[in-house]
Every structure is written in structure tokens, then in C-alpha cells.
Amino acid sequence: MSKKQDQKQGAERKKCPGCGARVDASDRFCRQCGVPLTAGTKANGGMRGLIGLRGFGLAIVALAVFYAVLQYGGGSAESDQVPAQRITISEIGSGSPSTSPSPRMAADQLFNQALSAYEGGDSAGARQFIPMALTAYRGLADLDLDGRYHVALLELAANQPRAALAQADTMLAQVPNHLFGLLVAASAHDLLGQSDRAADYYQAFLGAYTPDVAASRQEYLDHGRMLPARQQTAIEYLRATGRNP
């Protein structure tokens, strides 16, 4: 056997220092694990390709977030304020029925995300979704009483009691003594530090509670689990302010 043939066989028996796989003398990288076999050679380009795919995926996610912000807007500076006082998740209910048109369904989904984040103490999520939900509702051609109640809750969560009062006034103009309108007005005046006005609306809420619940309005059915709890809240508030419920 010639010296040249012996060198060739020795090269064929060469092993990868990384995984021990057999490699050829002409190989610059291990075909099994990608470890460089010659000095000055960088890591296998296969990994760089994987990193490129990851970068592409991150770019897609970033674009999705960008278009979501364009679609729903960033909200006002006042909307980004999330107060310490919380509106409990029990006040939210299930929202509108599944027969709602697509834009309304999208608004209701954002509402649920916003209030869930707010009630759960996720201030970053609340700051993100509250303005988006408000923008979605304001983009609708018309709002029913349930939709206005959703908007009012979002305004209260964003620490905008006067905007919530505007929704309450509209609701009560359409249906005097509407329970949701009275509740929103009471909560808004309480946030404004006007306890006497808040007590007036809670008193009106209790007076209208039994006959208005009997009306079985659709929005009452959608938020039915909330009303008994809010009745108790009204009673306790009036007692705390020295009034008889």
C-alpha cells in the first residue's frame, strides 16, 4: 500500500471532535452536528438559517401588533389611567348574544379582554385594551342600552367618571329609571367624591329594582348575575351614608 493510500484511509477514519461521527478530510463541518473541523471556520450556517426563521416569525408578530394598533387606535391619554378602584368581573356578565353583527362582536370581545385585565390587576393589559374597546364601540353606527352600559363601565375603569355620566344620562333619557343607567350614575358620582349624589342614584336604583327587573329586559338577562350583588352594594352604601335603604 502506498503512502498516499495510507493517508487517504487515515483521513477516512477521522472523527468529529464534537460528536465522534466519521468525517472526510475535505469536510469543513461535521455533517452530523455542524461543529467546524478546520481552524477559522464559523459555526454551521444551518443554525443561522434557523435564527433567520425565528427573526421572520418575530417580524410577523410585530406587524400583527402594529396593524391591531392601527385598527383600534391608541386611546386618549386620559383613557390610559387605571384607578385603584376596581369594577368586579361579576359586573361584566356575558355581553351581547351571539346573534350580534360582527363589528359589535369584536367590540364585545375587546370589552371582555379589557375588563378581565382590569379586574385581574393587569394594568398593562387594561391600558392596552380599554382604549381599543372604546374605539371599537365608538365606531359602531348605533349603540343599544347594553352597549352603552359596556362603554360606561370602560369609562369608569379608565377613571373617566364624567364620560360615564354622559352615557348614563343618555340611557336614562331613553328609559327613565333604567337600572344600569342608575348604577353608572351612582358609581360615577362616587368616583367624583359626590357621595350625596351617589346615594340619590342608589336610592332610585333600589326603588326601581323590583318593577324594572320584572320587565325582563334583554340587557338585564345578559347581566343577570350582577344585579342582586349591585342591589346589596346599594343597600350598604346608603347605610354607610346614614340613609335608610
State, to 0.1 Å, how close [X] and [Y] come at their nearest heavy-atom pair, and which atoms those are.
{"X": "P161", "Y": "L156", "value": "CA-CD2, 4.3 Å"}
{"X": "S216", "Y": "L221", "value": "O-CD1, 4.1 Å"}
{"X": "A168", "Y": "A185", "value": "CB-N, 4.0 Å"}
{"X": "G125", "Y": "A117", "value": "C-CB, 3.7 Å"}
{"X": "H189", "Y": "A198", "value": "CB-N, 3.7 Å"}
{"X": "F111", "Y": "H150", "value": "CE1-O, 3.6 Å"}

Spatial distance of atom [atom1] ([X]) from atom [atom2] ([Y]) [nearest 0.5 Å]:
{"X": "R148", "Y": "M171", "atom1": "CZ", "atom2": "CE", "answer": "9.0 Å"}
{"X": "Q160", "Y": "I130", "atom1": "CD", "atom2": "CD1", "answer": "9.0 Å"}
{"X": "E236", "Y": "T241", "atom1": "CD", "atom2": "OG1", "answer": "12.0 Å"}
{"X": "N112", "Y": "Q109", "atom1": "CG", "atom2": "CD", "answer": "8.0 Å"}
{"X": "H223", "Y": "Y149", "atom1": "NE2", "atom2": "OH", "answer": "6.5 Å"}
{"X": "M132", "Y": "L154", "atom1": "CE", "atom2": "CG", "answer": "12.0 Å"}

Taking side chain as C-beta onward, heavy atoms only, is P228 less than 4.5 Å from Q232?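 A side-chain contact is absent here, since even the closest heavy-atom pair is not under 4.5 Å.
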Any heavy-atom pair between the side chains of Q174 and T170 that's under 4.5 Å?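 Yes, side chains in contact.
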Counting only heavy atoms not in R162, do more than 12 sit closer than 6.0 Å to its CZ atom?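 12 or below, so no.
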Side-chain donor-acceptor pair present, D222, Q218, cut-off under 3.5 Å: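 D222 vs Q218: donor-acceptor pair found between side chains.
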Only one of L172, D212, L145, L227 passes side chain to side chain contact (heavy atoms under 4.5 Å, CB included) with F180; say which it is.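 Exactly one pass, corresponding to L227.
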In plain terms, say whether [X] and [Y] are close enough for a salt bridge, that is, a side-chain N and a carboxylate O under 4.0 Å apart.
{"X": "R104", "Y": "D144", "result": "yes"}
{"X": "R138", "Y": "E155", "result": "yes"}
{"X": "R243", "Y": "D200", "result": "yes"}

Does Y201 have its ring centroid less than 6.0 Å away from the ring centroid of F205?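 Ring-ring flag for Y201/F205: false, centres at least 6.0 Å apart.
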side-chain contact (heavy atoms from CB on, under 4.5 Å) evaluation trace for R230 with S187: CA-CA 11 Å; R230 297 298 281 156; S187 297; 3.1 Å; yes
Is a side-chain donor or acceptor of Y220 paired with a backbone partner of L179 at a separation under 3.5 angstrom?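 Judged by distance alone, yes, a pair lies under 3.5 Å.
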What class does the angle between the rings of Y202 and Y237 fall in, given that below 30° is parallel, 30 to 60° is tilted and above 60° is perpendicular?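 Judged by the thresholds at 30° and 60°, the geometry between Y202 and Y237 is tilted.
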Under 4.5 Å between side-chain heavy atoms, hopping through other hydrophobics if needed: is there a path connecting V151 to L165?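 Cluster IDs for V151 and L165 differ.
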Give the intermediate values and the outcome of side-chain contact (heavy atoms from CB on, under 4.5 Å) for residues N244 and L238. CA-CA 6 Å; N244 292 323; L238 290 175; over 6 Å; no
List the steps, then state whether side-chain contact (heavy atoms from CB on, under 4.5 Å) holds for Q128 with Q113. CA-CA 10 Å; Q128 177 185 3; Q113 288 177 292; over 6 Å; no
Under the criterion side-chain contact (heavy atoms from CB on, under 4.5 Å), I'd like the reasoning laid out for Y137 against D108: C-alpha separation, chi angles, the key distance, then a yes or no. CA-CA 8 Å; Y137 280 115; D108 286 345; 2.6 Å; yes
